[in-house]
Amino acid sequence: QVQLVESGGGLVQAGDSLRLSCAVSGRTFSTYPLGWFRQAPGKEREFVAAISWSGSVREHADSVKGRFTISRDNAKNTLYLQMNSLKPEDTAVYYCAATRTASPSPRMRDYAYWGQGTQVTVSS
């Protein structure tokens, strides 16, 4: 069983930065590719970023490329999302997730474990 708990969300102004964290429990944390997704009000959940178990392979959605960076610390069982130059359209609930696929995936259906989400609100 894998449990994920997000933290670090909040209310910020456009142009500010936030770092989200996701604490992951489970003995095999370091073997799972992990991902971040987000869901804005009235919209479908969408892919943000994913990272391989070693951290050597990373994918970012085009909408956040150059502004957001995914990373992980396997010694601390923690996943991160550094978000810079935030925009109002980044406002959403952000979820971390773990997949048993061999490599990072942008597809929601590949992720078996999900956190409860953390709210990020960016004011203009």
Side-chain angles (χ1 to χ4, degrees):
Q1 185 70 14
V2 177
Q3 293 183 329
L4 305 100
V5 179
E6 303 94 336
S7 61
L11 172 63
V12 297
Q13 293 186 333
D16 285 351
S17 297
L18 272 179
R19 188 176 79 158
L20 304 183
S21 299
C22 175
V24 184
S25 64
R27 293 178 296 172
T28 56
F29 165 82
S30 62
T31 65
Y32 288 132
L34 301 171
W36 286 99
F37 291 77
R38 67 185 181 185
Q39 188 167 18
K43 296 187 177 181
E44 294 185 350
R45 195 171 298 188
E46 65 175 5
F47 170 73
V48 176
I51 189 168
S52 63
W53 66 269
S54 67
S56 62
V57 178
R58 309 181 194 194
E59 291 186 36
H60 296 83
D62 288 343
S63 59
V64 305
K65 204 169 290 185
R67 300 188 299 121
F68 291 10
T69 302
I70 189 171
S71 64
R72 65 190 294 166
D73 186 337
N74 287 346
K76 296 182 178 180
N77 284 10
T78 303
L79 174 71
Y80 302 101
L81 184 67
Q82 179 66 44
M83 305 186 295
N84 299 328
S85 303
L86 282 161
K87 304 176 181 179
E89 50 264 43
D90 295 320
T91 295
V93 177
Y94 284 72
Y95 300 89
C96 62
T99 175
R100 289 186 171 179
T101 57
S103 53
S105 171
R107 296 183 297 269
M108 281 183 54
R109 64 177 183 268
D110 288 336
Y111 289 80
Y113 306 102
W114 292 83
Q116 83 291 347
T118 185
Q119 176 71 47
V120 172
T121 303
V122 185
S123 64
S124 57

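Remember, it's a predicted structure, so these values are computed and weren't measured experimentally.
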Nearest heavy-atom neighbours spanning L79 and G35: CD2-O, 3.9 Å
Over all atoms of both residues, closest heavy-atom pair of V64 and V48: CG2-O, 3.6 Å
Exercise: identify the closest heavy-atom pair between A40 and A92: N-CB, 3.8 Å
Any donor-acceptor N/O pair, S52 side chain to V57 backbone, under 3.5 Å: yes
Nearest-0.5 Å distance, OG of residue S25 to CG of residue N77: 8.0 Å
Atom pair NE2 (H60) and NZ (K65), whose distance is rounded to the nearest 0.5 Å: 9.0 Å
Nearest-0.5 Å distance that lies between atom CG in L34 and atom OG in S71: 11.0 Å
hydrophobic_cluster_shared for Y113 and L20, side chain cutoff 4.5 Å: yes
Donor-acceptor contact below 3.5 Å, side chain R67 vs main chain S85: yes
Short side-chain to backbone donor-acceptor contact, T78 and K76, under 3.5 Å: yes
Salt-bridge criterion met for D90 and K87 (N-O under 4.0 Å): no
Intermediate values then yes/no, side chain to side chain contact (heavy atoms under 4.5 Å, CB included), S63 and R38: CA-CA 12 Å; S63 59; R38 67 185 181 185; 3.6 Å; yes
R58 side chain vs I70 backbone, donor-acceptor pair below 3.5 Å: yes
Centroid-centroid distance, W36 to F68, less than 6.0 Å: no
Modelled atom types, side-chain donor and acceptor of E89 and T91, under 3.5 Å: no
Hphob cluster co-occupancy, V120 + V93, side-chain heavy atoms under 4.5 angstrom: no
Within one Ile-Leu-Val-Met-Phe-Trp-Tyr cluster: L4 and L81, side-chain cutoff 4.5 Å: yes
W114 reachable from F47 in the ILVMFWY side-chain graph, under 4.5 Å edges: yes
Heavy-atom pair of closest approach, residues A14 and S124: CB-CA, 4.4 Å
Candidate pair R107 and D110, rule salt bridge (charged side-chain N to carboxylate O under 4.0 Å, His left out), full reasoning: CA-CA 6 Å; R107 296 183 297 269; D110 288 336; 2.9 Å; yes
Any donor-acceptor pair under 3.5 Å from E6 side chain to C22 backbone: no
In one Ile/Leu/Val/Met/Phe/Trp/Tyr side-chain cluster, 4.5 Å: Y80, V24: no
V122 vs D16 side-chain heavy atoms within contact, under 4.5 Å: no
Distance under 6.0 Å and angle within 45° of ring axis: R45 vs Y95: yes
Pair M83-Y94, side chain to side chain contact (heavy atoms under 4.5 Å, CB included): steps then yes or no: CA-CA 11 Å; M83 305 186 295; Y94 284 72; 4.0 Å; yes
Stacked cation flag R72 on W53, 6.0 angstrom / 45 deg: no
Closest non-hydrogen atom pair between S105 and F37, with its separation: O-CZ, 4.4 Å
Where L18 and G10 come nearest, the two heavy atoms and their spacing: CD1-N, 4.1 Å
